Amino acid sequence: MVERMIIDCDPGHDDALAIILAAGNPNIDLMAITTVAGNQTIEKVTRNALSVCAIAGITDVPVAQGAGVPLVRPQIVAPDIHGESGLDGPVLPEPQIELDPRRAVDLIIDLVMENEPGTINLVPTGPLTNVALAMKVEPRIVERVKRVILMGGSYTRGNSTPSAEFNILADPEAAQAVFAGAWPVTMVGLDQTHQATADADIVARIAAIDSPLSEFVVEILTFFGTTYKDVQGFDAPPVHDLCCVAKLVNPAVFATRDAFVGVELTGRWTTGMTVTDFDNLLDQEHNTQVATTLDKQLLWDMTINAISVLSKGSAA
Ligand code: RIB
Ligand code: CA
């Protein structure tokens, strides 16, 4: 069954791979790309999204710019991991399409309200500012969205503080609103995405496709690998956001466990923590399916296939 989705992203090296998988897999109907400030400023991540569309030959998907600042807190960005452009590594292709005139929030609301209830998945791979705003501007989307499959949080440790993952920490109030919403949520956290590393053999398989797109992907993974090595001591970069789209391509890509997830908003040391209760210790209703394990071979096989498919028509 084809899964219809909107990706709300902050490209971002791993967001770029998520877009490519979504566009290159026949099981996915990529209905829109919306951008949110996160890895870099809204201007930079939006430009990056258009560059990814250009190199991947994505010309028929609306791209709309979203929130440039979090709901409440000061903005944080991640140049140490993603570079000054937010997508350092390759020369970024010139955009080939114009932005949709609507704001991200309006595009999300329009698509969800215009289509049958229960048919569109929201796949946020950046801070949750746009998704939280959309819920508030049009509360009816909550009962109509099929599932929110978000990259963020973790039930063990963070990556931006000992307890907080970047997407959640960047806008914890937005994240709390999304987890508290009466819609199905899948949390794809670091516990699982840290297994999704682009090891040397995977990069070699991508390089062997030998297309402008595969070369672009190798260049972004190479840069991503250097920063993840230098900053976080990884032998290969974890391509976090890819895992969210992969779940829609083939649910077998990772298992989940039901839990209550609440976002810490006031902890001096723990703000942005996704407090994950699998065992009803907090006496709270389970509100989230939490990703627990990963079939890494399946993840990368489907991703490499998507790059091959798009390479047959990718921009020269
Ligand atoms: O913590 C990793 C997440 O933050 C990824 O989505 C990455 O792209 C950044 O947005
Ligand atoms: Ca991201």
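Source: prediction; values computed, not measured. Numbering of ligands and ligand atoms starts at 1, following listing order.
Between the side chains of S85 and D88, at least one donor-acceptor pair of N or O atoms lies under 3.5 Å. Judged purely by distance below 3.5 Å, without hydrogens or angles, the side chains of T197 and Q195 never pair a donor atom with an acceptor atom.
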Between L298 and N250, is a side chain to side chain contact (heavy atoms under 4.5 Å, CB included) present by the stated rule, with each step listed?
-> CA-CA 9 Å; L298 178 57; N250 184 338; 3.7 Å; yes
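For E114, the CD atom counts as densely surrounded, since its 6.0 Å shell holds more than 12 non-hydrogen atoms of other residues, nucleotides or ligands. The environment of R144 atom CZ is dense: over 12 non-hydrogen atoms of other residues, nucleotides or ligands sit within 6.0 angstrom. No more than 12 heavy atoms of other residues, nucleotides or ligands shown are found within 6.0 angstrom of CZ on R103.
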Do any nitrogen or oxygen atoms of ligand 1 lie under 3.5 Å from a protein nitrogen or oxygen, and which ones?
from	atom 1	to	atom 2	distance (Å)
ligand 1	1 (O)	N159	ND2	2.8
ligand 1	1 (O)	E165	OE2	2.5
ligand 1	4 (O)	N167	OD1	3.2
ligand 1	6 (O)	T125	O	2.9
ligand 1	6 (O)	N167	ND2	3.0
ligand 1	6 (O)	D241	OD1	2.6
ligand 1	6 (O)	D241	OD2	3.2
ligand 1	8 (O)	D14	OD1	2.7
ligand 1	8 (O)	D14	OD2	3.2
ligand 1	8 (O)	D15	OD1	3.0
ligand 1	8 (O)	N39	ND2	3.0
ligand 1	8 (O)	D241	OD2	3.2
ligand 1	10 (O)	D10	OD1	3.2
ligand 1	10 (O)	D10	OD2	3.0
ligand 1	10 (O)	N39	OD1	3.4
ligand 1	10 (O)	N39	ND2	3.4
ligand 1	10 (O)	N167	OD1	2.8

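Judged by distance alone, the side chain of T292 and the main-chain N or O of A255 form a donor-acceptor pair under 3.5 Å. The main-chain N or O of N25 is never found under 3.5 Å from a side-chain atom of N305 such that the two would form a donor-acceptor pair.
Only protein atoms were considered; those of element N, O or S under 3.0 Å from the Ca ion (ligand 2) number 5.
A salt bridge links K146 with E3: the closest approach of a Lys/Arg side-chain nitrogen to an acidic carboxylate oxygen falls below 4.0 angstrom.
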